[in-house]
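Since the structure comes first, as structure tokens, the remarks are kept for the end.
Proteins come first, then strands; the chains are lettered A, B, ... in the order of their sequence lines, and each starts at number 1. These numbers come from the heavy atoms of this one structure, side chains and all, not from hydrogens, waters or symmetry mates. Remember, predicted model here, so these are calculated numbers, not experimental data.
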Amino acid sequence: MKLIRAMVRPEREEQVVAALENAGVVSLTKMDVLGRGQQRGVQVGATLYDELPKVQLLIVVEDAHVDAAVAAIEAGAKTGQHGDGKIFISSVEAAYTIRTGHRTVEAPACHTA
Amino acid sequence: MEASQDLNVRVEARREFGYARSIAPGILQAWNPPAQEPVALLKEVLAIIRPERWHETKRRAQRLRCCAFTQHRVLGRGLERGVRMRPRPGSASDVRVRYLPKRMVSWIVEEPQVAPLIHAIMDANRTGHVGDGRVFVLPVEGVVRIRTGERNAEALKAQLPFEMLWGALGTPREGARP
């Protein structure tokens, strides 16, 4: 299982979620974050906005679904401009469903945070 | 003549013994290498739980001495894509809530603490209904305590004994904390 953290534009969030849904990844957790990238924010006149609002999506999927999920996020979030965001993938050793108390060995379609 | 030879032999013998004694610790160490300090595996326990169960969860984790955490208010949905409900019994349309408020909590703990902590989290959060949440276990490569520069398991240890900071049952002691 892999944990995918995607930082996307807030205005693109709905498109990303729709694209993920089409790819079969339904469950997700989202949080509002502030961040900046390699460009150190945006310079508008004399003002430097170095903490730009983003939405961070957390998704846990089976290894086999990682590529599809990443492709869906890219498709939904890409504008071609700086600030489209990044996707980070890290490994998950175990997942437990609290309601049943069982360790999830193989996630059905897609599982999530 | 004999006496001096005898003396020479004795001197040699003493030299050899001294040499043997000087290298003995090295030989002994090579034969019995000191036990290596076991490297503690660190794990992140990431739980996404009902917001109203958070304080109970925190209390339960404290009893297991997992006192340090990071928590965040998040929105999420599971395989059910949120919830649907009738605003009034006779109303024609459903109200759809796409994202539900959840609490995301992260503990960084040593490997032996993972199983009891997960058990405590699940026990505190189980209502038996959809939406109880999930717990994930992730590997952690390293930890640094910024104040002292300590690494890994050292960085997670409390500076004071647990009993001084917290009472026996995980309740804060008078005067121990501001």
Is any side-chain heavy atom of Y99(B) less than 4.5 Å from a side-chain heavy atom of V17(A)? yes

Using the side chain to side chain contact (heavy atoms under 4.5 Å, CB included) rule, take E21(A) and R81(B) through it: C-alpha gap first, then chi angles, then the decisive distance, then the call. CA-CA 10 Å; E21(A) 215 166 283; R81(B) 311 177 190 205; 3.0 Å; yes

Please rank G133(B), A47(B), G131(B) by heavy-atom pairs under 4.5 Å with chain A and give me the top one. G133(B)

For E14(A), look at atom CD and say whether over 12 heavy atoms of other residues, nucleotides or ligands are found less than 6.0 Å away. no

Just checking I146(B): does its CD1 atom have more than 12 heavy atoms from other residues, nucleotides or ligands closer to it than 6.0 angstrom? no

Is the count of non-hydrogen atoms from other residues, nucleotides or ligands lying under 6.0 Å from E141(B) atom CD greater than 12? no

Between CZ of R73(B) and CG of D32(A), what distance do you get to the nearest 0.5 Å? 13.0 Å

Identify the heavy atoms of T97(A) and R134(B) that sit nearest to each other, and give their distance. OG1-NE, 3.3 Å

Counting a contact as any heavy-atom pair under 4.5 Å apart, which residues of residues 123-130 of chain B contact chain A? N125(B), R126(B), G128(B), H129(B), V130(B)

Side-chain heavy atoms under 4.5 angstrom apart, residues restricted to Ile, Leu, Val, Met, Phe, Trp, Tyr: same cluster for I49(B) and F69(B)? yes

Close side-chain approach of M122(B) and Y96(A), heavy atoms under 4.5 Å: yes

Verify the cluster assignment for W107(B) and V137(B): are they in a single hydrophobic cluster under the rule of side-chain heavy atoms below 4.5 Å apart? yes

Taking the side chain as every heavy atom from C-beta outward, state whether S91(A) and L138(B) have any atom pair closer than 4.5 Å. no

Do L100(B) and M85(B) land in one hydrophobic cluster if side-chain heavy atoms of ILVMFWY residues count as linked below 4.5 Å? yes

Given side chains that start at C-beta, do those of K102(B) and M31(A) come closer than 4.5 Å, heavy atoms only? no

Interatomic distance, CZ@F136(B) vs CD@E93(A), rounded to 0.5 Å, equals 13.5 Å

In one Ile/Leu/Val/Met/Phe/Trp/Tyr side-chain cluster, 4.5 Å: V55(A), I89(A): yes

For atom NZ of K58(B), decide whether the heavy atoms of other residues, nucleotides or ligands shown that lie under 6.0 angstrom number more than 12. yes

Heavy-atom closest pair (I98(A) atom, I48(B) atom, distance to 0.1 Å) is CD1-O, 4.3 Å

Region of Q56(A) in contact with chain B, defined by heavy-atom distances below 4.5 Å: neither

Would you please test L58(A) and M104(B) for side chain to side chain contact (heavy atoms under 4.5 Å, CB included) and show each step? CA-CA 11 Å; L58(A) 291 134; M104(B) 188 175 80; 3.7 Å; yes

Nearest heavy-atom approach of R99(A) to D132(B) is CA-OD2, 3.4 Å

Can you hop from V66(A) to V8(A) via hydrophobic side chains spaced under 4.5 Å? yes

Contact origin within I118(B) toward chain A - heavy atom pairs under 4.5 Å: side chain

